[in-house]
Amino acid sequence: MKKAWFKEWGWIYLPIAWQGWTAVVLAVLFSGQVFVAVDRHSHSASDTLYGGFPYAVPAFGVLGWVASKTTRKTS
(Lines give C-alpha, C1' and ligand atoms only; values in the text may rest on other atoms or scores of the structure.)
Protein backbone atom coordinates (compact mmCIF):
# COMPACT_ATOMS: atom_id res chain seq x y z
CA MET A 1 0.00 0.00 0.00
CA LYS A 2 1.37 3.38 -0.95
CA LYS A 3 -0.42 5.71 1.46
CA ALA A 4 -2.05 4.99 4.80
CA TRP A 5 -5.73 5.87 5.27
CA PHE A 6 -5.69 5.67 9.06
CA LYS A 7 -3.22 5.90 11.93
CA GLU A 8 -3.39 4.08 15.23
CA TRP A 9 -4.25 6.17 18.26
CA GLY A 10 -4.55 3.97 21.31
CA TRP A 11 -7.34 1.48 20.67
CA ILE A 12 -8.90 3.40 17.81
CA TYR A 13 -7.93 4.49 14.34
CA LEU A 14 -7.96 8.09 13.15
CA PRO A 15 -8.54 8.83 9.46
CA ILE A 16 -5.63 10.72 7.92
CA ALA A 17 -6.53 10.54 4.22
CA TRP A 18 -9.65 11.30 2.24
CA GLN A 19 -10.23 7.57 1.72
CA GLY A 20 -10.33 7.04 5.47
CA TRP A 21 -12.73 9.93 5.98
CA THR A 22 -14.94 8.57 3.21
CA ALA A 23 -15.07 5.15 4.88
CA VAL A 24 -16.01 6.72 8.23
CA VAL A 25 -18.70 8.92 6.67
CA LEU A 26 -20.19 5.96 4.79
CA ALA A 27 -20.37 3.85 7.97
CA VAL A 28 -22.00 6.70 9.90
CA LEU A 29 -24.49 7.47 7.11
CA PHE A 30 -25.41 3.80 6.79
CA SER A 31 -25.93 3.47 10.54
CA GLY A 32 -27.96 6.68 10.62
CA GLN A 33 -30.17 5.47 7.79
CA VAL A 34 -30.74 2.16 9.56
CA PHE A 35 -31.54 4.00 12.80
CA VAL A 36 -34.18 6.14 11.08
CA ALA A 37 -35.73 3.15 9.30
CA VAL A 38 -35.84 1.01 12.45
CA ASP A 39 -37.03 3.86 14.67
CA ARG A 40 -39.94 4.54 12.33
CA HIS A 41 -41.48 1.17 13.21
CA SER A 42 -40.34 0.68 16.80
CA HIS A 43 -42.40 1.30 19.90
CA SER A 44 -39.63 1.89 22.43
CA ALA A 45 -35.98 2.78 22.75
CA SER A 46 -35.06 -0.86 23.26
CA ASP A 47 -36.87 -1.80 20.02
CA THR A 48 -34.73 0.74 18.19
CA LEU A 49 -31.51 -0.49 19.77
CA TYR A 50 -32.30 -4.16 19.17
CA GLY A 51 -33.29 -3.44 15.57
CA GLY A 52 -30.25 -1.32 14.71
CA PHE A 53 -27.63 -3.41 16.50
CA PRO A 54 -27.43 -6.18 13.85
CA TYR A 55 -26.58 -3.57 11.20
CA ALA A 56 -24.39 -1.10 13.09
CA VAL A 57 -22.02 -3.65 14.62
CA PRO A 58 -21.03 -5.28 11.31
CA ALA A 59 -20.76 -1.87 9.62
CA PHE A 60 -18.31 -0.60 12.23
CA GLY A 61 -16.63 -4.01 12.35
CA VAL A 62 -15.89 -3.75 8.63
CA LEU A 63 -14.71 -0.17 9.16
CA GLY A 64 -12.35 -1.38 11.90
CA TRP A 65 -11.06 -4.15 9.64
CA VAL A 66 -10.46 -1.72 6.76
CA ALA A 67 -8.72 0.67 9.16
CA SER A 68 -6.48 -2.10 10.50
CA LYS A 69 -5.44 -3.07 6.98
CA THR A 70 -4.78 0.49 5.78
CA THR A 71 -3.06 1.94 8.84
CA ARG A 72 0.24 3.56 9.54
CA LYS A 73 1.74 1.98 12.64
CA THR A 74 2.93 4.38 15.31
CA SER A 75 5.94 3.37 17.38
Side-chain angles (χ1 to χ4, degrees):
M1 185 174 71
K2 296 181 192 231
K3 184 173 176 179
W5 295 3
F6 294 87
K7 75 173 185 175
E8 285 184 325
W9 189 60
W11 287 17
I12 64 171
Y13 297 96
L14 295 175
I16 58 172
W18 69 268
Q19 296 95 334
W21 282 107
T22 302
V24 170
V25 167
L26 287 174
V28 169
L29 286 176
F30 173 74
S31 296
Q33 183 69 24
V34 167
F35 174 80
V36 169
V38 169
D39 192 47
R40 184 178 308 130
H41 299 291
S42 64
H43 301 290
S44 66
S46 62
D47 283 350
T48 303
L49 293 175
Y50 284 136
F53 185 80
Y55 297 96
V57 170
F60 285 100
V62 168
L63 177 63
W65 179 78
V66 168
S68 73
K69 297 298 181 190
T70 59
T71 190
R72 179 179 72 202
K73 304 284 186 201
T74 57
S75 300

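Heads up: numbering here begins at 1 and tracks the sequence.
- Taking OH of Tyr50 as the start and OG of Ser44 as the end, the distance is 9.0 Å to the nearest 0.5 Å.
- Annotation for Thr71 and Ala4: closest pair C-CB, 3.9 Å, computed over non-hydrogen atoms.
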Exercise answer: donor-acceptor pairs, residues 11-35 side-chain atoms, under 3.5 Å, sequence neighbours excluded:
residue: Thr22; atom: OG1; partner: Trp18; partner atom: O; Å: 2.8
residue: Ser31; atom: OG; partner: Ala27; partner atom: O; Å: 3.0

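- Remark: Arg40 CZ to Thr48 OG1 distance equals 11.5 Å, nearest 0.5 Å.
- In terms of hydrophobic clustering, with Ile, Leu, Val, Met, Phe, Trp and Tyr side chains grouped at heavy-atom distances under 4.5 Å, Phe60 and Phe6 are assigned to a common cluster.
- Of all heavy-atom pairs spanning Ser42 and Asp47, the tightest one is CB-CB, 3.3 Å.
- Side chain of Ser68 to main chain of Trp65: a donor-acceptor pair is present (N/O by atom type, distance under 3.5 Å, no hydrogens or angles).
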